[in-house]
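Every heavy atom of this structure was used, including side-chain atoms; hydrogens, water molecules and symmetry mates were not. The sequence lines fix the lettering, A, B, ..., with proteins before strands; numbering per chain opens at 1. A quick note: this is a predicted structure, and the numbers were derived from the prediction, not measured.
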2 protein chains.
Amino acid sequence: MSSLVHTLPRMSLRHAVLGLLATEPSTGYDLARKFEASLANAWHAGHSQIYPELAKLEEAGMVEVVGEGARRSRTYGITDAGRGELRRWLLETEPNRSQRNETAVRWFLVALLEPADRRVVLERELEHAEAYEAMLRETAERIDAAGGHAFRPTVDLGLRTTAVMRDWLREQLDA
Amino acid sequence: MSSLVHTLPRMSLRHAVLGLLATEPSTGYDLARKFEASLANAWHAGHSQIYPELAKLEEAGMVEVVGEGARRSRTYGITDAGRGELRRWLLETEPNRSQRNETAVRWFLVALLEPADRRVVLERELEHAEAYEAMLRETAERIDAAGGHAFRPTVDLGLRTTAVMRDWLREQLDA
DNA sequence: TAACGCATGTAATACGTTACATGATTCT
DNA sequence: AGAATCATGTAACGTATTACATGCGTTA
């Protein structure tokens, strides 16, 4: 296990995968959908990244096949070693603060456009923000109806930041 | 110019570069620092990406050398074609909403930790959020003292979202 | 039985990061 | 003179996206 730092460098994908598997065992296909659903505003990964990553994590002993189902599907679960690595990463590694968010780039550059063009862009963004907010609200309601969930506070954070953005866009349009 | 879609695919780096040059002519070195300063919460790029990108943009006629200075430095400016491409991108292309934000991944996964471990992570994040907020506040004050700037609203958006995050972290620590 | 969604994989290409490499100017 | 900072570039490697490819199971 001394080669850990070498086999698992500084990628977040593997820790995102470990985290999702820590919540609940899943197939690669499930994970791909969860990246869209829960982690869409944090990280993105398609199945062509996920399957090889699961293979590497299995080889490193951090995940294991806990069940096989229809259509030759394999359900993976996290191992104790995987949980340990996840904890180590969260507690002991320096967070990489660099982001890539194309929407933020657009919101930044929109200041350079002429008023008419700016309106067009801001309106599209507002529409998207409102739709996203509605989706988050539904998620929150579903969780509350089900009696809560560990990730409920994270959904709330999303709702608050989205509200800030929605208001900002409206102000920019009014100005 | 019909090969535009082919020579300039779907990368945001080039549009971020075009945007920064639309604000003000700069050297590659300047651009690298501006990515840290103004675009840190949106996109990241080191000089080893920027210099080749400037060369490609120059070849495509979207930027041009507008001055040469000491230490064989070249200052680039945006051309009309570059401005056109920037406008086209902002108005006519579908935004790529996928993000990669390691901090967001960590904030999501922190829910899986035991309370003591969670505290450690949240405290570190709060410290960072407060420092970042202070930095943004200084930026805002500098802009206001200088009589305003097109990007002032963007700084304000950053301040508001950071405030939301700071409050959320405090709540999580109090809970 | 055809269409659709579940499920998994690889190959080619594009993009991004780190390390390597060099040289000019300014400041102490 | 030496250190720090400005300034530019390339090479090697790692990561991510897109396209290609296949097959199972369910539903209409």
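- Residue Leu90(B) comes nearest to Arg124(A) through the heavy atom pair O-NH2, 2.7 Å, listed as atom of the first residue, atom of the second, then distance.
- Rounded to an integer number of Å, the gap from NZ of Lys34(B) to P of dA7(D) is 12 Å.
- A straight line from CD of Glu68(B) to C1' of dT8(D) spans 13 Å, rounded to a whole angstrom.
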How far apart are the C-alpha atoms of Glu130(B) and Arg170(B), what are their side-chain angles, what is the distance that settles it, and do they pass the salt bridge (charged side-chain N to carboxylate O under 4.0 Å, His left out) test? CA-CA 11 Å; Glu130(B) 283 169 344; Arg170(B) 285 190 185 146; 2.7 Å; yes
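- Mapping Ala45(A) and Arg74(B) onto DNA chain D by nearest heavy atom places Arg74(B) closer to the 5' end of the strand.
- If you take CZ of Arg71(A) and C1' of dG5(C), they are 7 Å apart, rounded to a whole angstrom.
- Between the NZ atom of Lys56(B) and the P atom of dT10(D) there is a distance of 11 Å, rounded to whole Å.
- Residue Ser48(B) is in base contact, counting any heavy-atom pair closer than 4.0 Å across all strands shown.
- Residue Glu102(A) contributes atom CD, which lies 14 Å from atom C1' of dT17(D) at whole-angstrom precision.
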Apply salt bridge (charged side-chain N to carboxylate O under 4.0 Å, His left out) to the pair Glu141(B) and Arg137(B), showing each step before the final yes or no. CA-CA 6 Å; Glu141(B) 277 162 24; Arg137(B) 221 183 288 283; 5.9 Å; no
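- Along DNA chain D, the nucleotide closest to Trp43(A) and the one closest to Ser73(B) are compared, and the more 5′ of them pairs with Ser73(B).
- Residues Leu86(A) and Met62(A) are not in side-chain contact: their nearest non-hydrogen atoms beyond the backbone lie 4.5 Å or more apart.
- Contact annotation for His47(A): base contact, defined as any heavy-atom pair under 4.0 Å involving a base atom.
- Relative to the side chain of Tyr51(B), the nucleotides dG9(D), dT17(D), dT8(C) differ in distance, and dG9(D) lies closest.
- Judged by distance alone, the side chain of Trp168(B) and the main-chain N or O of Pro153(A) form a donor-acceptor pair under 3.5 Å.
- Regarding contacts with the backbone of dT17(C), a side-chain N or O of Gln49(B) is found under 4.0 angstrom from either OP1 or OP2.
- Computed from coordinates, the Ile50(A) CD1 to dT15(D) P distance equals 16 Å when rounded to whole Å.
- In this structure, the OH atom of Tyr29(A) is 4 Å from the P atom of dC6(C), given to the nearest Å.
- Take the nearest nucleotide of DNA chain C for Ser98(A) and for Pro52(A): the residue whose nucleotide is more 5' is Pro52(A).
- The listed nucleotides are dA7(D), dT25(C), dT17(D); the one nearest the side chain of His44(A) is dT17(D).
- No contact: Gly46(B) has no heavy atom under 4.0 Å from any strand.
- Spacing between atom CZ of Arg72(B) and atom P of dC6(D) amounts to 15 Å, rounded to whole angstrom units.
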